[in-house]
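Just so you know, residue 1 is the first one in the sequence shown, and it goes up from there.
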Amino acid sequence: MSNEATLHSQEAIHGAAHAHDHGHDDHHEHHEGGFISKYVFSLDHKTIAKQFLITGIIWAIIGALFSVLFRLQLGFPDATFPWLESILGHWAKGGRITPEAYYALVTMHGTILVFFVLTAGLSGTFSNLLIPLQVGARDMASPLMNCMSYWAFFLASIVMMSSLFVQTGPASGGWTAYPPLSALGDASIGSKIGMDLWLISMALFVVSQLLGGLNYISTILNMRTKGMTMTKMPLTIWSFFFTAVLGVLSFPVLLSGFILLLFDRHGGTSFYLSDLFVAGKALSNEGGSAILYQHLFWFLGHPEVYIIILPAMGMVSEILAVNSRKPIFGYLAMVGSMFAIVILAFLVWAHHMFVTGLNPFLGAFFVLLTLLIAVPSAIKVFNWLTTIWRGNLRFTPGMLFSIGFVSTFISGGLTGIWLGNSSIDIHLHDTYFVIAHFHIVMGVSAFFGTFAGVYHWFPKMFGRYLNNTLAYIHFWTTLIGAYLIFWPMHYEGIAGMPRRYYDYASWESFKQFSDLNQFISIVVIIVFAAQLMFVFNFFYSIFKGRKVTTTNPWSSTTLEWTTPINPGHGNWPGEIPEVYRWPYDYSKNGKDFVPQTVPLSPDEEKEGH
């Protein structure tokens, strides 16, 4: 293309962009619609964020309730609870959960919390809410695609939910859906139609994640307001960006794994099946390998850990700086460590497969890469601790949950070093040590990051505050309860107690943990009650909470607090503010905070800000 043609092209683009922005200013494109278009099929990113959040909360209640039910079996294996039969019917005949129901509950608990709550609920909520608000955009790059992302997730939820009501029950082969249990309909009762519904639901879920992820990346790269360079973006935006990249590159691999699994189930193929006998009869499947599925699953499965934890890291970084009244320590180091985590996340999947007959040399390679990922993680922890060191701390509920996040992330991260070592992992594989590790580092930590985000940005979402007294009870009960639940599991795991077993009564060596298992189950019930209290606080405060009276209640520097208390579609009523500085100018030049929209002083310009 000639230079003249290029210039004409750029002018046309700029003209179109100006016309687009002018249209926003006049609110021609964001006019108020009816109830359906405003609250159901909304194109407003803030409404879609609330849809993700509320759907995620509903799933969280269901997923956590399932854990309470199967903990009853683990804590009181010989007891009967007649009320269970009235809820679960033949799945708890005589008041005791059947083995089939137990495995289904475990499977659905893992699936729901990993994918539907901590992936869609966490990232879907805060990426949608904060990306346009913090980069200075009217909405996502494609509001329609954003809307479709939520409804694909909702449809996936309906399909997954329906599997709970089919006669043979939902999938019961574990949240990883390993073949042959997942590939053969006759393998178990939970391998029948419930497994098909699980796969269809997960395929829709992946579609939702890809639609959302592409939108987030496009918005961050193309729709930042004037002055918002990449190095002036809040760390929340960096974390959402890296999360979206991880998802877009890894979810398609999982989707391909699911499609091949469906072919094995119904197409007569043998991608994952070979040399199998069912009830003494040899099957015709030859040439496949169940290990292939594990490679495909864990290529997403391990990045999934960071897809869950990176958004929490970004939000915690933001909340710690705001409530410490200090600049974030080592901004570029934080960005660099997130980038390193993204790269290494793709190179460590095989440490989940040390016991599959992996070549020892290859195993050593993955041990090295796995332990390397501790370096950027440690950098982030160091920077968080340094940020709050000697800060003027405000212990808001969001701040407490952020500090709780750092605590649990350190605890869970340290035990990860054990599991990253192949020789130790072979002993601890599939024991309660593994359960304790990943529940603390990617379950509890991610939930703490989510709670921190909800408490911090609730005023922006709903124009009201959550009740602080209930929030403090919620925090302390959850923090203490989490440690009481999962720390004892480490000792059970070291003793070799395996996960997923329905009844330990046949093993004398594990009976010694009966009292401990009862204790854990009781604490689980208490912690679950605390979460119900949070849910009450959440929905009550939407309508009856104390009203927000200022646009910037936390005295923060970022752009979302320059919008009206209840911003309409389009976010800013006039021009989008211009950005002049990074987002962490706290306690600077005698001022408590300096918003990003304040121009640099001559002295600051000389210093090269």
Legend entry - S411 and Y483: CA distance, side-chain angles, deciding distance, side-chain hydrogen bond (donor to acceptor under 3.5 Å, both in side chains) verdict: CA-CA 10 Å; S411 305; Y483 277 119; 2.9 Å; yes
Inset, instruction - Start with the C-alpha gap between D264 and T269, add the side-chain angles, then the distance that decides, and say whether side-chain hydrogen bond (donor to acceptor under 3.5 Å, both in side chains) holds. - result: CA-CA 5 Å; D264 272 8; T269 57; 2.6 Å; yes
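- Aromatic ring centres of F154 and W151: separated by under 6.0 Å.
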Inset, instruction - Let me see the working for E100 and S188 under side-chain hydrogen bond (donor to acceptor under 3.5 Å, both in side chains), right down to the final yes or no. - result: CA-CA 8 Å; E100 293 81 9; S188 74; over 6 Å; no
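- L113 places a side-chain heavy atom less than 4.5 Å from the side chain of F447.
- With sequence neighbours excluded, the residues that form a ring pair (Phe, Tyr, Trp, His ring centres under 6.0 Å) with F448 are F401.
- For F354 and H429, the distance between ring centers is not under 6.0 angstrom.
- Outside the 6.0 Å centre-distance limit, the rings of F241 and Y216 are not counted as a close aromatic pair.
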Legend entry - Worked check of side-chain hydrogen bond (donor to acceptor under 3.5 Å, both in side chains) between Y102 and S172: CA-CA 8 Å; Y102 171 82; S172 64; over 6 Å; no
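- Taking the six-membered ring for Trp and the full ring otherwise, F339 and W238 have centroids separated by 6.0 Å or more.
- By the 30° and 60° cut-offs, the orientation of the rings of F346 relative to F299 is tilted.
- A salt bridge (Lys or Arg N to Asp or Glu O under 4.0 Å) check over residues 238-259, counting only residues at least two apart or in different chains, returns nothing.
- In this view, H351 and H302 satisfy the ring pair (Phe, Tyr, Trp, His ring centres under 6.0 Å) rule, not counting sequence neighbours.
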Legend entry - ring pair (Phe, Tyr, Trp, His ring centres under 6.0 Å) between F513 and Y504, intermediate numbers included: CA-CA 9 Å; F513 297 119; Y504 298 94; 8.9 Å; no
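- The backbone N or O of I373 sits less than 3.5 Å from a side-chain atom of S377, completing a donor-acceptor pair.
- Annotation: side chain of T431 is not in contact with side chain of M497 (no heavy-atom distance under 4.5 Å).
- S191 contributes no side-chain N or O that, together with a main-chain N or O of S182, makes up a donor-acceptor pair within less than 3.5 Å.
- Under the 3.5 Å distance criterion, the side-chain polar atoms of S218 are left unmatched by any main-chain donor or acceptor of N215.
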Inset, instruction - Might you work through the ring pair (Phe, Tyr, Trp, His ring centres under 6.0 Å) test for F258 and W198, ending with a clear yes or no? - result: CA-CA 10 Å; F258 289 158; W198 191 94; 5.5 Å; yes
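- Using bins of under 30°, 30° to 60° and over 60° for the plane-to-plane angle, the ring pair W175/F438 lands in the tilted bin.
- Looking at I328 and E318, their side chains never come closer than 4.5 Å, going by heavy atoms from C-beta outward.
- The backbone N or O of V253 sits less than 3.5 Å from a side-chain atom of S256, completing a donor-acceptor pair.
- The shortest distance between side-chain heavy atoms of M195 and S163 does not fall below 4.5 Å.
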Inset, instruction - In sequence, state the C-alpha distance, the side-chain angles, and the governing distance for Y103 and Y501, and then conclude on ring pair (Phe, Tyr, Trp, His ring centres under 6.0 Å). - result: CA-CA 9 Å; Y103 291 120; Y501 278 29; 8.7 Å; no
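- Ring centroid separation for the pair H474 and F451 comes in under the 6.0 Å cut-off.
- A heavy-atom distance below 4.5 Å is found between the side chains of I48 and C147.
- Under the 3.5 Å distance criterion, the side-chain polar atoms of R71 are matched with a main-chain donor or acceptor of N517.
- When the ring pair (Phe, Tyr, Trp, His ring centres under 6.0 Å) test is applied to F366, the partners found at least two apart in sequence or on another chain are W349.
- Between the side chain of S123 and the backbone N or O of A120, no donor-acceptor pair lies under 3.5 Å.
- Put simply, the side chain of L184 reaches to within 4.5 Å of the side chain of L283, judged on heavy atoms.
- Checked by atom type and distance alone, the side chain of H439 never pairs as donor or acceptor with a backbone atom of F486 at under 3.5 Å.
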Quiz: residues 309-317 side-chain donor-acceptor pairs under 3.5 angstrom, not counting sequence neighbours:
residue : atom : partner : partner atom : Å
S317    : OG   : M313    : O            : 2.8
S317    : OG   : W384    : NE1          : 2.9

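- Between F153 and F116, the ring planes are tilted. Angles from 30° to 60° get that label.
- The salt bridge (Lys or Arg N to Asp or Glu O under 4.0 Å) pairs that include a residue from residues 421-445 are D430-R499, where partners are two or more places apart or lie in different chains.
- For the pair H109/L105, no side-chain contact is recorded, criterion being any heavy-atom separation below 4.5 Å from C-beta on.
- Residues F115 and E304 meet the side-chain proximity criterion, which asks for heavy atoms closer than 4.5 Å.
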